[in-house]
Visitor: 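Let me give you the structure first, and then I'll get to my questions.
Lettering of chains follows the sequences in order, A, B, ..., and the numbering in each one begins at 1. A quick note: this is a predicted structure, and the numbers were derived from the prediction, not measured.
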Amino acid sequence: MSGIQELPDELQLATAQHVKYIQSLDTRKDEYDYWLTEHLRLNGLYWGLTSLYLLRHPDALPRDETIDFVLSCQHSNGGFGAAPGHDAHMLYTVSAVQILALVDALDELDKRGQGKAMVGKFIADLQNRETGTFSGDEWGEEDTRFLYGAFNALSLLGMMHLVDVDKAVNHIVACANFDGGYGVSPGAESHSGQIFTCVAALTIAGRKDLIDVDRLAGWLSERQVPSGGLNGRPEKKEDVCYSWWVLSSLAMIGRTHWIDREKLIGFILRSQDLEQGGISDRPGNMADVWHTIFGLAGLSLLGYPGLDAVDPVFCLPKTTMERVLGKAR
Amino acid sequence: MASHGVAKYNRAARTEEQRQQDLEKIEKYRQIEDSIRSQASAGTYDTALFQLTSKLLRLNPEYHTIWNVRRRCLISSLLSKSSTSNSSPDTMPTPHEDQSTSTTEQSASSTAADADSDADILRSELAFTVPLLVEFPKCYWLWGYRQWILEQAVLRLPTATATSIWEGELALDSKMLTKDRRNFHAWGYRRYLVARLETPELRGKSMVEDEFTYTTKMIRVDLSNFSAWHNRSRLIRRLLDERGADDKARAAFIEAELDQIREALNVGPEDQSLWYYHRYLILQLIHHSQESTIVPNLTVEERISYIEREIEDIKDLIEDYDDIKWVYEALLEYTLALGQLRQASQSTGGDDDRQNEELQTWLAKLRKLDPMQAGRWDDVEKELKSRRETT
Ligand SMILES: [Zn+2]
């Protein structure tokens, strides 16, 4: 990481612009896209807020309003929708728990919401007790993303005992491929996003011994392309969000040194929008909050200066994880 | 909120006219949304609400709550009540239970009419989502909704009708894969369709030969299609089992696969898809534990000689392509695996010193050709050293 201070402006982290960009996200109600993406509102809040914490501006969004908004998305069954009026789903419920953990407000669930126990029950009830995997909601779509989400949120709530961890672990093992990677379900092709969810879930379950570390690390480090960016599968284009899926997986198995970290830093920094703030999927494209958080989280894992350390399993600041897991224990 | 491949533009540079156009679009969109919300909260999941969801979903197929409203409309108002659908929260007695005292003839004819009408509705649901799928081929909710419709067909329709709907879906999936050969939604959907079609509820017979042929076809079109190679690797074990392949047939099979991939590598050694599949085949030869390989009864000597032959062929590749890193990666990995096999069989062979020298040469090549993975090559070097010290 030597010599970063001497890099030209376009290769410095544009902290002030990113903070402003995230603050501006909820002021765009005169843009059609704002309404078309309402189904991602709660996830977007988690992405934006985590970005601000990593950028060391945790107070750039008002805490009380954040908590009020999160609680306004909760249903009587304990689950959360993306925004008021949206159906409950695992993906939003996980974001809700992550946000409350981030702003140290998990207790508000018992004070003003449906209670922590109901949230835990909503999540646990989505486990398929035969196969161990999880669906996203009552309509039944199953995916290892939901399994990971369940493990993530239940860990934050201190309620992992509600689910059959061994069965879930068996399911992940069934998703493994000969190349060391994991797919979305048994038989599916290895994919960096799914590898992250499976490796993180195995880490939470304390079963990293089941990972074929060298084979998986080899597959992951082959994802780096000459521009320095990482792709999600063989022969695909590089994309900033894979900086997170690939790199965090490498971090969990102790192999981030298998890729060229300086080159990846350069790729992420070149994908910044230096005027309007935010980070895009690759240089020159439109920034969005999804690529902003995963770009920043990637830089944080790479030890880039000026950023708080991120936890590779939970995608939350390490300080948050220490506080929450300390309490849960 | 998560855009891919959208070129940068300046948000602040909207003209007043463009802003007005946006505001009009927003108003229209929110009007439909409001109507849906107020009807849904009143619990009237009727045809009118159903039609509103069509309007909104055409504007925004990512809006998963609206797909759920649509499902509730189908269950409550459009589809017959004759199914034993466990998705239906409706506990009202079904019309058929009411008619339980009527003649079986009447009940059978009304069931047939219901099934016809259900089939029409389910077919039209699939048709409704086709243009959306073409426009948004990576939208999870769309694939999930089609899956739900297909399950409704199994629950509600006679086997033959349901099967023909499912077969139509497989044809559509093939079309989607022609448009984007790597779409992992479409590949996953295909595996799901085939697995369900194979159950007695639908076709009830194995499709493994057809699917294997499909991967051959896809690979011929595009050798770089790793998704097709991957699917092939997942079909082989069942294929051989169902063919009742004996040891000879299995050996012939893996030889044919090796021949095919070797030919492809001779033309395109920079293609990592080919190397991944080659590695899959080599793993079948390396594995000792019987159930995890497609050639369980090869002797260690046979395994060794197959791998030796592959290594020799790859070495030949260097003559024409000495700057392709995959060649050296394969040589390194396979040579180390070969060493382990030899150790296991206590067979000698290969000159250790010469082999060490080769390994060092290949590693040096990898460092030069792929400096981004320098840390990995450092670890490999340490590993080689510790192996030498223990032997
Ligand atoms: Zn991306």
Visitor: Decide yes or no for B:Asp22 and A:Trp35: does some side-chain heavy atom of the first lie under 4.5 Å from some side-chain heavy atom of the second?
Guide: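 No; the side chains remain at least 4.5 Å from each other.
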Visitor: Who among B:Ser224, B:Gly188, B:Ser227 has the most heavy-atom pairs with chain A under 4.5 Å?
Guide: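 Top count of heavy-atom pairs under 4.5 Å with chain A: B:Ser227.
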Visitor: Quick one, B:His4 and A:Trp290 - any side-chain contact, counting heavy atoms below 4.5 Å?
Guide: yes
Visitor: Can you confirm whether B:Glu16 is buried at CD, in the sense that more than 12 heavy atoms of other residues, nucleotides or ligands lie under 6.0 Å from that atom?
Guide: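 Atom CD in B:Glu16 is crowded, with more than 12 foreign heavy atoms closer than 6.0 Å.
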Visitor: Select, from A:Glu235, A:Glu141, A:Glu275, A:Lys236, the one with the greatest count of heavy-atom pairs under 4.5 Å involving chain B.
Guide: A:Glu235
Visitor: Parallel, tilted or perpendicular: which fits the ring planes of B:His64 and A:Tyr92, with parallel below 30° and perpendicular above 60°?
Guide: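 The arrangement is tilted - the two ring planes meet at 30° to 60°.
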Visitor: Specify the closest pair of heavy atoms between B:Ser233 and A:Phe178, including all atoms of both residues, with the distance to one decimal.
Guide: OG-CE2, 3.9 Å
Visitor: Is any side-chain heavy atom of B:Lys8 closer than 4.5 Å to one of A:Ser280?
Guide: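 They are not in contact (no side-chain heavy atoms under 4.5 Å apart), so the answer is no.
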Visitor: Is there a side-chain contact between B:Tyr29 and A:Leu36, using heavy atoms and a 4.5 Å cut-off?
Guide: yes
Visitor: Under 4.5 Å heavy-atom distance to chain A, tell me which part of B:Trp275 shows up: side chain, backbone, both or neither.
Guide: neither
Visitor: So B:Glu27 and A:Lys29, salt bridge (charged side-chain N to carboxylate O under 4.0 Å, His left out) or not? Walk me through it.
Guide: CA-CA 11 Å; B:Glu27 193 181 313; A:Lys29 297 181 182 166; over 6 Å; no
Visitor: Is there side-chain contact between A:Asp179 and B:Phe226, with heavy atoms separated by less than 4.5 Å?
Guide: yes
Visitor: Which answer fits B:Asp370, side chain, backbone, both or neither, if we ask what part of it has an atom under 4.5 Å from a heavy atom of chain A?
Guide: side chain
Visitor: So for A:His257, is it side chain, backbone, both, or neither that comes closer than 4.5 Å to the heavy atoms of chain B?
Guide: both
Visitor: If we define contacts as heavy-atom pairs under 4.5 Å, which of B:Glu333, B:Glu151, B:Gln272 has the most with chain A?
Guide: B:Gln272
Visitor: For A:Gln276, is it the side chain, the backbone, both or neither that has a heavy atom under 4.5 Å from a heavy atom of chain B?
Guide: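 Just the side chain, heavy atoms under 4.5 Å.
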Visitor: Considering only heavy atoms and a distance below 4.5 Å, find which of B:Asn68, B:Ile66, B:Leu23 pairs most often with chain A.
Guide: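 Top count of heavy-atom pairs under 4.5 Å with chain A: B:Asn68.
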Visitor: For A:Glu222, which atoms come within 4.5 Å of any heavy atom of chain B: side chain, backbone, both, or neither?
Guide: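 Both the backbone and the side chain of A:Glu222 come within 4.5 Å of chain B.
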Visitor: Just checking B:Gln18: does its CD atom have more than 12 heavy atoms from other residues, nucleotides or ligands closer to it than 6.0 angstrom?
Guide: yes
Visitor: Of all of B:Lys325, B:Arg19, B:Glu329, B:Arg191, which one pairs up most often with chain A through heavy atoms under 4.5 Å apart?
Guide: B:Arg191
Visitor: Checking heavy atoms, do the side chain of B:Leu283, its backbone, both or neither come under 4.5 Å from chain A?
Guide: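 Contact with chain A is through the side chain of B:Leu283 alone.
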Visitor: State, with a plain yes or no, whether a side-chain heavy atom of A:Asp30 is found less than 4.5 Å away from one of B:Arg14.
Guide: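 Yes. Closest side-chain heavy atoms under 4.5 Å.
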Visitor: Is it the case that over 12 heavy atoms from other parts of the model lie below 6.0 angstrom from the NZ atom of B:Lys55?
Guide: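 12 or below, so no.
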Visitor: Is there side-chain contact between B:Asp379 and A:Asp214, with at least one heavy-atom pair below 4.5 Å?
Guide: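 No, too far: nothing below the 4.5 Å cut-off.
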Visitor: What is the distance from atom CH2 of A:Trp219 to atom OH of B:Tyr276, rounded to the nearest 0.5 Å?
Guide: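 The OH atom of B:Tyr276 is 6.5 Å from CH2 of A:Trp219, to the nearest 0.5 Å.
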Visitor: Mind ranking B:Gln147, B:Arg279, B:Arg71 by heavy-atom pairs under 4.5 Å with chain A and telling me who comes out on top?
Guide: B:Arg71
Visitor: Would you mind checking which part of A:Asp273 comes under 4.5 Å of any heavy atom in chain B, side chain (CB onward), backbone (N, CA, C, O), both or neither?
Guide: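 Contact with chain B involves both backbone and side-chain atoms of A:Asp273.
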Visitor: Does either side chain, that of B:Gln373 or that of A:Ser221, offer a donor lying less than 3.5 Å from an acceptor on the other one?
Guide: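 Present: a donor and an acceptor within the cut-off.
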Visitor: If you count heavy-atom pairs under 4.5 Å with chain B, which of A:Gly187, A:Cys241, A:Gly228 comes out on top?
Guide: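 Counting heavy-atom pairs under 4.5 Å, the top option is A:Gly187.
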Visitor: Does any backbone or side-chain atom of A:Gln224 lie under 4.5 Å from a heavy atom of chain B? Answer side chain, backbone, both or neither.
Guide: both
Visitor: Picking from A:Leu264, A:Thr256, A:Asp260, which has the most non-hydrogen pairs under 4.5 angstrom with chain B?
Guide: A:Asp260
Visitor: Test A:Glu189 against B:Arg232 for salt bridge (charged side-chain N to carboxylate O under 4.0 Å, His left out), laying out the working first.
Guide: CA-CA 11 Å; A:Glu189 180 183 346; B:Arg232 190 175 183 86; over 6 Å; no
Visitor: Is B:Leu59 in contact with chain A via its backbone, its side chain, both, or neither, using a 4.5 Å heavy-atom distance?
Guide: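 For B:Leu59, the contact with chain A is made by backbone and side chain together.
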Visitor: Heavy-atom distances under 4.5 Å only: say whether A:Asp239 touches chain B with side chain, backbone, both or neither.
Guide: side chain
Visitor: Can you tell which part of A:Lys237 gets under 4.5 Å to a heavy atom of chain B, answering side chain, backbone, both or neither?
Guide: neither
Visitor: Give a yes/no verdict on a cation-pi contact between A:Arg145 and B:Tyr140, requiring under 6.0 Å between NZ or CZ and the six-membered ring centre and an angle within 45° of the axis.
Guide: yes
Visitor: Would you mind checking which part of A:Pro283 comes under 4.5 Å of any heavy atom in chain B, side chain (CB onward), backbone (N, CA, C, O), both or neither?
Guide: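 Neither part.
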Visitor: Would B:Glu62 and A:Glu38 count as a side-chain contact (heavy atoms from CB on, under 4.5 Å) if you check the C-alpha gap in whole Å, the side-chain angles of each, and the deciding distance to 0.1 Å?
Guide: CA-CA 10 Å; B:Glu62 291 280 3; A:Glu38 194 180 63; over 6 Å; no
Visitor: With rounding to the nearest 0.5 angstrom, report the OG1 to OH distance, A:Thr37 to B:Tyr63.
Guide: 11.0 Å
Visitor: Please classify the contact between B:Ser41 and chain A as side chain, backbone, both or neither, with a heavy-atom cut-off of under 4.5 Å.
Guide: neither
Visitor: Let me confirm one number: the NE2-CZ distance from A:His191 to B:Arg182, rounded to the nearest 0.5 Å.
Guide: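 Here the rounded value is 9.5 Å.
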Visitor: Does the side chain of B:Met372 reach to within under 4.5 Å of the side chain of A:Arg261, using non-hydrogen atoms?
Guide: no
Visitor: Could you check, using the six-membered ring where one of them is a Trp, whether A:His89 and B:Trp141 have ring centers closer than 6.0 angstrom?
Guide: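 Yes, the ring centres sit under 6.0 Å apart.
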Visitor: What option among A:Gly218, A:Pro226, A:Gly136 has the most heavy-atom pairs under 4.5 Å with chain B?
Guide: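 Option with the greatest count: A:Gly218.
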